[in-house]
Protein chains: 2
Amino acid sequence: MDLVNASVRPLSAPPPSAPDPLPAKPDRGRLSADAWVDAALDLIAEQGVAALGVEPLARRLGVTKGSFYWHFESRDALLEAALKRWETREMEGLIREADRIADPRERLVDLFRRTSREMRTHVIYSALLKALDHPAVRPVMQRLSQRRIQYLALAFRALGLSRRDAINRARLSYAAYVGFLQLILQLRLQRIDPADYDAYVEHVVETLIPPLLA
Amino acid sequence: MDLVNASVRPLSAPPPSAPDPLPAKPDRGRLSADAWVDAALDLIAEQGVAALGVEPLARRLGVTKGSFYWHFESRDALLEAALKRWETREMEGLIREADRIADPRERLVDLFRRTSREMRTHVIYSALLKALDHPAVRPVMQRLSQRRIQYLALAFRALGLSRRDAINRARLSYAAYVGFLQLILQLRLQRIDPADYDAYVEHVVETLIPPLLA
DNA sequence: CCCTGTCAATACGGTAGCGTATGGATCTCG
DNA sequence: CGAGATCCATACGCTACCGTATTGACAGGG
């Protein structure tokens, strides 16, 4: 499954915290704060931040808001909890990423290709992109985007680009990423068939990643 | 004023339709449907589609919704009218654009540079990007974006790129445009100073526009 | 066995917005 | 000047949601 023609579905098993074949299942159908956060992220992925409401979410989970307000102060508290969880996971991903491949060019190419094939992350990122008005969302996105652009700049630097060029190339690449997300995920600009899509990704790679002539 | 560090303000003189020094001003403070549409576009530019409501807009104009519902069926009718007006103007702009410059490379470079310096259009486009869920917004954006990408593809073709490369370069360029809009206008990724900004634009030009070697 | 902590349902009050109905004001034109 | 058209205000009902308060269900530990 790649970025194009992808559908969005819950895909949250009761997070990593519940390995239950049977053992540690305290109640039937009772919810933890974590479960609410997971559900919130699912809802955001599917319908965007604006659709995240406590009553709608409660209905979706088959309970009433009486439950919700036991776990959280307010709707915004839930949003912030969800953002927090998401941000730390994304940041961890970035770090894990750090030096998987030695050759600097191959590292970048691999990053581009992998990015084009993952999904869940981008769906949420894209949804959050549409909610940048919200005061809780913007700082999270600013931090993450900054970090990723810095990472890209470093990678381009390692390819022999000047400091200035590396930064600008990083900005350009990231802008292309963000824009493509919106075009595909939100605008649904036309469902490109997979072969075409691969060709596009390769074109991007060749256009944006210089040939390591340092 | 360029894309960076730009503030968003009404800037709608009572549209082009009212050239009044004094002559054709029928009433004092009475509103036409056009005036509502203009105000709607202003509001969208400032606060996004989600903020477009009839009561808020009425307050803003110093009247009550009693007035609004005389001119329009519903909130959505207003949105559609605003989208219609905006779309036709944008399309006209695209056409007017068509062949202002003979040399195909210079035409593209000029387009990129001019795009980086205009404002109003992009603000609304960017606001609409965040409202692509709305069934009235998406088709408009699909048409416009398609047209612009086609235009770009033609331009790149004229530079000697293969049909496939031209299309992919057009997609990439447009994605970079869309992404940069979100990054700057919505995320406010850090206010780049003008010199830096110009350098970025030149970097984009050099990276995305090949040297006409056909 | 019951007591306490945990999670959930119900009921309530409050806000903000949509759309309708109806009457008032003002302008135009015959 | 009066009649119709045009624009606006007011008042109303309705919906969807937030947040609070109160009570209920139920588990596990003493």
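Below, read A as the first sequence line, B as the second, and so on, with proteins coming before strands; counting in each chain starts at 1. Keep in mind it's a predicted model, so treat the numbers as computed, not measured.
- At least one side-chain heavy atom of A/R120 sits under 4.5 Å from a side-chain heavy atom of A/I124.
- A/L78 has its CG atom 15 Å from the P atom of D/dC17, to the nearest Å.
- The salt bridge (Lys or Arg N to Asp or Glu O under 4.0 Å) test applied to B/R147 returns no partner, not counting sequence neighbours.
- Rounding to whole angstrom units, CG of residue B/L31 and C1' of D/dA9 are separated by 13 Å.
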- Query: Using a cut-off of 4.0 Å between protein heavy atoms and nucleotide atoms, how would you tag nucleotides 11-24 of chain C 5' to 3' with B, S and -?
  - Reply: B-----BBBB----
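- Expressed to the nearest 0.5 Å, how far CD1 of A/I209 lies from OG of A/S173 amounts to 7.5 Å.
- A/L57 has its CG atom 12 Å from the P atom of D/dC17, to the nearest Å.
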- Task: Dot-bracket notation for DNA chain D is requested: 5' to 3', Watson-Crick or G-U wobble pairs only, both distances under 3.5 Å, with ( ), [ ], | and . as defined.
- Result: ||||||||||||||||||||||||||||||
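- Other residues, nucleotides and ligands contribute over 12 non-hydrogen atoms within 6.0 Å of the CD atom of B/Q146.
- Atom P of nucleotide D/dA9 and atom CG of B/L61 are separated by 11 Å, given to the nearest angstrom.
- Contact annotation: B/H71 side-chain N/O to D/dC8 OP1/OP2 distance is under 4.0 Å.
- Of the charged side-chain nitrogens involved, none lies within less than 4.0 Å of a carboxylate oxygen, so that B/R169 and B/D165 do not count as a salt-bridged pair.
- By the 30° and 60° cut-offs, the orientation of the rings of A/F180 relative to A/Y197 is parallel.
- Taking the six-membered ring for Trp and thresholds of 30 and 60 degrees, A/H71 and A/W36 have ring planes inclined between 30 and 60 degrees apart.
- A salt bridge is absent between A/R60 and A/D42: the closest approach of a Lys/Arg side-chain nitrogen to an acidic carboxylate oxygen does not fall below 4.0 angstrom.
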